[in-house]
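None of these values were measured; they are calculated from a predicted model.
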Amino acid sequence: MRHHVREVQGARVSSPESVLVVGTGLIGTSVALALREQGVTVYLADRDAGAVRLARELGAGTEWSAGRTVDLAVIAVPPQAVAAQLADLQRAGAARFYTDVASVKALPLRQAADLGCDLTTYVAGHPLAGRERSGPAAARADLFLGRPWALCPTEETSPDAVEVLLGLIKLCGGEAVRVDAAEHDRAVAIVSHAPHVTASAVAARLADAPATALGLAGQGVRDVTRIAAGDPGLWTGILSGNALPVADVLEAVAADLAAAAASLRASADPAAMGQVTELLHRGVAGTGRIPGKHGGPARTYATVQVIIGDRPGELAKLFLVAEAAGVNIEDVRLEHAPGLPLGAADLSVQPEAVAVLSEALRAHGWHLP
């Protein structure tokens with residue numbers, strides 16, 4: 001095995017010197033870009049020659065040619081295609097170790113075993129990061145910074161294979177999380193796959209909505225439907241690969257919604273609204289359990305709202321004022337004013353920083369509602 005130990009984010013890890021990325025979409029190209037920034041030799045392969053060419057032009061690596069053997073092959077293809085791709089690469093002796101980045105884990109492992117793949121050299125993996133846009137043009141080297149990266153070794157997986165994948169995750173800036181494949185699939189059904197379907201169901205109501213309704217759309221509906229803009233073809237493959245866990249979650253959500261609808265139809269009886277209120281309370285509790293920054297407990301931040309013009313450099317000016325005031329902006333959200341060249345920037349800060357930031361912003365001429 002030809003890999004070496006290097007310093008990555010302050011830790012000494014065993015990491016690959018050469019990597020083959022098969023599939024130059026958003027995730028594959030982002031992995032390649034992150035590795036190139038760390039000095040790793042990266043080769044690219046894809047059935048779409050145009051995608052490889054674009055990824056190469058973005059600096060993600062050089063085109064793969066048969067006969068090479070790399071330290072690690074990263075399979076960045078849809079879940080149903082992972083096992084077949086793994087089998088092909090292993091027959092060609094393309095790499096010493098293999099991983100994938102599909103968002104479903106039990107299916108590729110089961111199919112790989114059925115195909116007779118060498119499971120000692122394969123570690124199923126899944127970086128929990130993405131964007132609504134797809135393709136190599138949307139790739140970013142920092143896509144995985146601080147993001148969970150699941151790895152699902154089995155009893156057959158060799159320790160060396162796990163070690164090299166951990167090195168890859170460190171190089172990309174991710175946070176490794178070891179988890180059983182079936183548990184992983186149940187978890188992502190709750191936090192990723194079913195939410196995408198429910199967001200799509202809400203967004204689908206907008207397809208035939210009257211212009212009046214769309215004209216009244218605010219930040220709330222944008223927040224709820226944002227992820228529904230993902231590629232339907234890609235998501236159909238993901239959902240079919242994790243069908244039963246997703247169906248279980250959707251049935252539970254549907255039951256809650258059906259109960260809420262029945263309560264609303266009977267809303268003339270004050271007691272009937274109890275189920276709706278209870279659901280809203282459970283929603284608040286669930287939101288509060290979402291981990292905060294750096295994976296720690298969720299923090300309750302205060303919001304400073306600033307009216308901001310729709311002009312180049314306005315956000316940068318805001319951040320400079322915050323920096324000069326010694327205030328860290330934990331998060332930012334923009335809401336545009338329909339028909340006007342301005343909007344509102346909601347700046348999330350520590351509660352004790354509200355007065356300091358507000359005073360600094362007003363002193364620099366910013367308008368706070």
My understanding is that only residues two or more places apart in sequence, or in another chain, count here; which of them pass side-chain hydrogen bond (donor to acceptor under 3.5 Å, both in side chains) with [X]?
{"X": "D256", "answer": "R282"}
{"X": "Q111", "answer": "none"}
{"X": "E156", "answer": "T154"}

Quick check against the 3.5 Å criterion: does [X] have a side-chain atom that pairs as donor or acceptor with the backbone of [Y]?
{"X": "S263", "Y": "A272", "result": "yes"}
{"X": "D346", "Y": "V332", "result": "no"}
{"X": "T120", "Y": "S158", "result": "no"}
{"X": "D100", "Y": "G125", "result": "yes"}
{"X": "T69", "Y": "G93", "result": "yes"}
{"X": "S192", "Y": "A189", "result": "no"}

Sub-4.5 Å side-chain heavy-atom contact between [X] and [Y]:
{"X": "P369", "Y": "I307", "answer": "yes"}
{"X": "H281", "Y": "V284", "answer": "no"}
{"X": "I238", "Y": "N242", "answer": "no"}

Legend entry - Atom CG of D208: over 12 foreign heavy atoms under 6.0 Å: no
Legend entry - CD/E278: more than 12 non-hydrogen atoms of other groups inside 6.0 Å: yes
Inset, instruction - Please name all residues satisfying ring pair (Phe, Tyr, Trp, His ring centres under 6.0 Å) with W366, sequence neighbours left out, ordered by chain then number. - result: none
Inset, instruction - Measure the acute angle between the ring planes of W235 and H193, then classify it against the limits of 30° and 60° as parallel, tilted or perpendicular. - result: perpendicular
Inset, instruction - Each residue besides V77 in its hydrophobic cluster should be listed here, by chain and number; the cluster joins Ile, Leu, Val, Met, Phe, Trp and Tyr at side-chain heavy-atom distances under 4.5 Å. - result: L20, V22, Y43, W64, V70, I75, V82, L86, L89, Y98, L109, L119, Y122
Legend entry - Salt bridge flag under 4.0 Å for residues D223 and R333: yes
List, one per line, each side-chain donor-acceptor pair under 3.5 Å for residues 45-54, sequence neighbours excluded.
{"unit_1": "D46", "atom_1": "OD1", "unit_2": "D48", "atom_2": "N", "d": "2.8"}
{"unit_1": "D46", "atom_1": "OD2", "unit_2": "T24", "atom_2": "N", "d": "2.7"}
{"unit_1": "D46", "atom_1": "OD2", "unit_2": "T24", "atom_2": "OG1", "d": "3.1"}
{"unit_1": "D48", "atom_1": "OD1", "unit_2": "G50", "atom_2": "N", "d": "2.9"}
{"unit_1": "D48", "atom_1": "OD1", "unit_2": "A51", "atom_2": "N", "d": "3.3"}

Legend entry - Distance in Å, Q350 CD paired with E330 CD, rounded so as to fall on 0.5 Å steps: 4.5 Å
